[in-house]
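Just so it is clear, the structure is predicted and the values come from calculations on it, not from any experiment. Per chain, numbering begins at 1; letters A, B, ... match sequence-line order.
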Amino acid sequence: MSQIRHALSVTRDADFAAWYQDVITEAEMAEESGVRGCMVIRPWGYGIWERIQKLMDERIKAAGVENCYFPLFIPLSFFAKEAAHVDGFAKEMAVVTHHRLIADGKGGLVPDPEAKLEEPLIVRPTSETVIGAAMSRWVQSWRDLPLLANQWANVVRWEMRTRMFLRTSEFLWQEGHTAHADRADAMIETLRALEMYRSFSEEALAMPVFAGEKPENERFPGAVATYSIEAMMQDGKALQAGTSHYLGTGFAEAAEIRYQDREGQQALCHTTSWGVSTRMIGGVIMTHGDDDGLRVPPAIAPQQIVILPMLREDDGDAALLAYCEELRAALVKQSALGEPLRVLLDKRPGKATQKRWAWVKKGVPLILEIGGRDAAGAMVSVLRRDRLWREDAKVNFAAQAREAFLAAAAAEIEDIQRSLHADATARRDANIERGVTSLAELEALFADEKRYPGWVELSWSRPGGAELEEVVAKLKALKLTIRNTPLDAAPATGTCLFTGQPAVERIFVARAY
RNA sequence: CGGGGAGUAGCGCAGCCCGGUAGCGCAUCUGCUUUGGGAGCAGAGGGUCGCAGGUUCGAAUCCUGUCUCCCCGACCA
């Protein structure tokens, strides 16, 4: 087994952070842009994002939410209206202060002091405030509610430390914003969005997650309650992959989103917001990637099957290409996961082996290498990306009769989707410790700096305020954070290992990205 | 924002300490031979050494500033 010559130069075991960077580079997903914290998303990475967009957008629309678009720039005064919101974002904001450049006399350009804006504009870090302003115009009567809006957009947060896809200064996302007549209706929407994210993550990304409520210290600035989906990466750390917030009436008060109820009284709306971003792609890399690069779940793979003709640059190529084209045509008539198969015939010149390793690193689910003998004998040579190596350390090609392969291809694509999800779920569940009942046990578990043991699920008394701050500080000493209170957890048992009070619920505790 | 490391050909790097006019591997191109599983040999092309100043007869190399990236911390829907 050790003779396997992997496609990447860094393994996950040797250096997980370097491996993550290497996958992104080698799979040609994204690259440096030269602008601090901002990345160029290359076709393969953007193709995955387009798949995520398409499948998520269908779910959003199915829930009756309509897409719209709001400005990139937000007047500073809009933002200043909700105090907690300002506090949460003030330190990481890009601000536009001028509208013109002039020559500095040294061959460069500087902002023209004469062209200073009356009121600075901030580049949106999130759009609650602008969308709130629109909602206050759109909502007049109880008949206008609920108001369900979403936008696909880019946002900017000037983070101190950035990592490709996981935390970039600019990122792409969708943000849903809704207004409701009362708390109950808004909570239903908040939890609907959370469940949409949970099922999307499991079904489309094949990434198992726990959906639950964040502790009060982790709430979105200005929110009354914040919910998240949390995924476990292969290094055992947690990734918050999506959030849904119940905002109460605070934002409605700031933006004056009011309606006249059935009794003729003015009332404040209850609002929600929810979003997922390009961070999900980082989650897919760290959930499914291996030492040969990315493995893309078929549901979000820009191409699910790549056909590589073994071109010889001779007279036989024409017949070989005709066979491959005919194979492609037969495949795209089939459907898997509810959509036609996405199949690419890679006719570019070059050696088939080199092209093969490029596709392996990109993680395309099925690779077909077709030579002259396959064409003559009505055969295909099939390589499953999720089962790349044989026991003897050779690449795991399976020679199959063309007809047999065609009959099974769609099922095989669906099997890869299932298999990636099953593997990720098994790995996650094997790395959750549930037997911790005291702080001393928790500390002992994380005592070894070299070996991070994964997540801990434990029971606590859900302290708040100063008492919670103490708990957070104790966990911080172990580099741990509270991820969420899973909605489907077993009932809490015993006493809280932090406060000694009777436990009321279970939480996940983990290191996080 | 603090500490550490780095920026030299498309990619990965050496050269820097001790200034003398640009090098290696992979990739690319050409030719020949191979080729059913990550080919071999020979030859060729490609770089204002991150950027801006300074010192010097001369700077990839020394000095100052600045931008960007990576790691650790702080911060962080």
Looking for any heavy atom pair under 4.0 Å, which part of the strands does [X] touch: base, sugar-phosphate only, or nothing?
X        : result
A/Ser228 : nothing
A/Arg36  : sugar-phosphate
A/Arg219 : nothing
A/Gly275 : base
A/Gly37  : sugar-phosphate
A/Gly371 : base
A/Val155 : nothing
A/His85  : nothing
A/Glu369 : base
A/Pro125 : nothing
A/Trp389 : base
A/Ser277 : base

Can you tell me how far [atom2] of [N] sits from [atom1] of [X], to the nearest Å?
X        : N     : atom1 : atom2 : result
A/Met164 : B/C69 : CE    : P     : 9 Å
A/Glu26  : B/G12 : CD    : C1'   : 10 Å
A/Arg511 : B/C76 : CZ    : P     : 19 Å
A/Met160 : B/G2  : CE    : C1'   : 11 Å
A/Ile24  : B/C70 : CD1   : P     : 10 Å
A/Gln21  : B/C69 : CD    : P     : 11 Å
A/Asn217 : B/C76 : CG    : C1'   : 13 Å
A/Lys91  : B/A74 : NZ    : C1'   : 11 Å

Between [M] and [N] - [atom1] atom distance, rounded Å:
N     : M     : atom1 : result
B/U21 : B/U35 : C1'   : 45 Å
B/G10 : B/A27 : C1'   : 7 Å
B/G5  : B/C13 : C1'   : 15 Å
B/G15 : B/G31 : P     : 37 Å
B/C17 : B/G53 : P     : 23 Å
B/C11 : B/U48 : P     : 14 Å
B/G7  : B/U61 : P     : 12 Å
B/U34 : B/C41 : P     : 15 Å

cation_pi([X], [Y]) dist<6.0 Å, angle<=45:
X        : Y        : answer
A/Arg428 : A/Phe210 : yes
A/Arg157 : A/Trp173 : yes
A/Lys81  : A/Phe79  : no

Compute whether any side-chain donor of one residue and acceptor of the other, for A/His245 and A/Thr226, lie under 3.5 angstrom apart. yes
Any strand: nucleotide that pairs with [N] via Watson-Crick or wobble, under 3.5 Å:
N     : result
B/U66 : B/G50
B/G73 : B/C1
B/A59 : none
B/G31 : B/C41
B/C17 : none
B/G12 : B/C24

Does A/Trp359 have its ring centroid less than 6.0 Å away from the ring centroid of A/Trp44? yes
How are the rings of A/Phe16 and A/Trp19 set to each other: parallel, tilted or perpendicular (split at 30° and 60°)? tilted
Plane angle bin for A/Phe251 and A/Phe220 - parallel if under 30°, tilted between 30 and 60°, otherwise perpendicular: parallel
What I want to find out is whether A/Glu326 reaches A/Arg402 closely enough, with some N-O distance under 4.0 Å, to be called a salt bridge. yes
Is it true that A/Asp386 and A/Arg295 make a salt bridge, defined as a side-chain N closer than 4.0 Å to a carboxylate O? no
For [N], does OP1 or OP2 lie under 4.0 Å from any side-chain N or O of [X]?
X        : N     : answer
A/Lys476 : B/C75 : yes
A/Arg157 : B/C75 : no
A/Lys479 : B/C72 : no
A/Arg163 : B/C71 : yes
A/Thr353 : B/A39 : yes
A/Gln354 : B/U35 : no

Nearest to the A/Arg161 side chain among B/G36, B/C72, B/U35, which nucleotide is it? B/C72
Choose from B/G36, B/C76, B/G73 the nucleotide whose nearest atom is closest to any side-chain atom of A/Asp374. B/G36
Relative to the 5' end of RNA chain B, which residue comes earlier, A/Arg279 or A/Phe397, by the nucleotide with the nearest heavy atom? A/Phe397
Residue met sooner reading RNA chain B from 5', once A/Cys38 and A/Arg167 are mapped to nucleotides: A/Cys38
